[in-house]
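Read through the structure below, which is laid out as structure tokens, and then see the notes.
Ligands are counted one by one from 1 in listed order, and the atoms in each one are counted from 1 as well. Model, not experiment: these values are computed from the prediction. When reading the values below, keep in mind they use all heavy atoms of this one structure, side chains included, and skip hydrogens, waters and symmetry mates.
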Amino acid sequence: SVMKQRTLPGATDRRIDALLAVLADNAMIVISGAKIAREIGVTRSTVWRWIEKLRALGLRVKGHPRSGYQIERVPDILAPRILRKRLPPGPFGKRIHHFFKTDSTNAVAMTLGEQGEPHGTIVIAEEQTAGRGRAGHTWHSEKTNGIYMTVLLRPPIAPQQAPLITLVAGLAVRDAIVEETGIVPDLRWPNDLLFGKKKFCGILTEMNAEQDQIHFVAVGIGINVNHERIPEELSAIATSLRIETKRTHSRVEIVARLLRHLDSYYNRFLSDGPESIVARVSEVSSYARGKRVRIATATETYTGTTEGLEPGGLLRVRRDDGRILPVIAGTLSEAD
Ligand code: BTN
């Protein structure tokens, strides 16, 4: 049965979503304010007000109420109706909750998960005011330049296998970025994507589970896409697709590619098992084997050399004291 999608508090008004869809469907064409108003069921002055709001977000709309409106290309706003057109069939993105602004898409998704929202739902925002990173960090979430998205999953696996879900997501982002930019990023276990030594994507997986059963996981993906520059305090360690490729990229296109690859890796994981994911990560990540790393946990910092992945997706490290142990928690960086 089809579960009707509620509009969450603070989520994008269905009619703004419809307005964006009408503009997108009529790209290059002048369309009268009256016609838009009729199609989406609001007054002409509301259309005008919302168009002003979209302009403030960087959407280039020509015209005014009397002459009609015109856009030069399909807006790169991650609104449900624009996005949905580009998505593959299947569960991913069947339900989309879009926000112009929210605290954290992971926080929203965790709440939705508790309320029974189905597998494959995505929560996506143009801006986050409290983007969450790993280890209590915040995630710099500047307006409309990045992708801030959380995918809600209900994988039929044990909690011990949850790290594999982060790897599945990392592989999907990687392939999407290769397709979009033609350049090949590195995967830093478990959740970062890098160009050279600089990070442009982080993944935060949060889980709601019991001892032996996952209720759901929220896989939060943050990608720096069209940032022209990176704030001073991050510029040594972070980058964006635009900085690396010297051009802007369509976020809609990247999200569409990402969800297609996620669908395929996720199904591969369920049908072929963890080995297929572990093997693929070992193939594409320079961090999987033979890398000198420094690992910082809440209680200690140590260095060692990576020794491949365990079947459950954990990274094995030969510490400098000779012990070979998996990294359970901790932040990895390259060591000399
Ligand atoms: C990291 O520290 O590398 C993980 C960063 C994850 C950021 C994303 S942005 C979308 C989602 N919502 C959040 O609050 N965090 C994740």
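Among all protein heavy atoms, the one lying closest to atom 3 (O) of ligand 1 is Lys199 NZ, 2.6 Å. Of all protein heavy atoms, the one closest to atom 2 (O) of ligand 1 is Arg134 N, 2.7 Å. Here the protein heavy atom with the shortest distance to atom 15 (N) of ligand 1 is Arg132 O, 2.7 Å. Nearest protein heavy-atom neighbour of atom 8 (C) of ligand 1: Gly222 N, 3.6 Å.
With hydrogens and angles left out, the side-chain atoms of Asn106 and Thr150 include a donor and acceptor closer than 3.5 Å. Residues Thr205 and Thr166 have side chains that bring a donor and an acceptor to within less than 3.5 angstrom of each other. With hydrogens and angles left out, the side-chain atoms of Thr239 and Glu244 include a donor and acceptor closer than 3.5 Å. Checked by atom type, the side-chain pair Asp320/Thr303 shows a donor-acceptor distance below 3.5 Å. Judged by distance alone, the side chains of His261 and Glu179 do bring a donor and an acceptor atom under 3.5 Å apart.
Heavy atoms from other residues, nucleotides or ligands lying under 6.0 Å from CD of Glu232 number 12 at most. Summarising the local packing, CZ of Arg60 is surrounded by 12 or fewer heavy atoms from other residues, nucleotides or ligands at distances under 6.0 Å.
Counting atoms of ligand 1 from 1 in the listed order, those under 4.0 Å from a heavy atom of Gly131 are 14 (O). The ligand atoms of ligand 1 that sit less than 4.0 angstrom from a heavy atom of Thr105 are 10 (C), 11 (C), 12 (N). Annotation for ligand 1: atoms under 4.0 Å from non-hydrogen atoms of Asn191 are 1 (C), 3 (O). For ligand 1 and Asp192, the ligand atoms under 4.0 Å from any heavy atom of the residue are 3 (O). Of all atoms in ligand 1, numbered sequentially from 1 with element shown, those under 4.0 Å from a heavy atom of Ser104 are 12 (N), 13 (C), 14 (O).
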Phe92 and His119: CA distance, side-chain angles, deciding distance, ring-ring contact (aromatic ring centres under 6.0 Å, His included) verdict:
CA-CA 8 Å; Phe92 293 109; His119 173 79; 5.6 Å; yes
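In terms of polar-atom proximity, defined here as any N/O pair under 3.5 Å, Gln128 does make such a contact with ligand 1. For Trp139, no nitrogen or oxygen atom sits less than 3.5 Å from a nitrogen or oxygen atom of ligand 1, counting backbone and side chain alike.
Proximity of Ile203 to ligand 1, defined as any heavy-atom pair under 4.0 Å, is confined to the backbone N, CA, C and O atoms. Using a 4.0 Å cut-off between heavy atoms, Ile221 contacts ligand 1 through its backbone alone, with no side-chain atom that close. For Met149, every heavy-atom contact with ligand 1 shorter than 4.0 Å involves the backbone, none the side chain.
One hydrophobic cluster, built from ILVMFWY side chains closer than 4.5 Å, cannot hold both Val219 and Val108; they sit in different ones.
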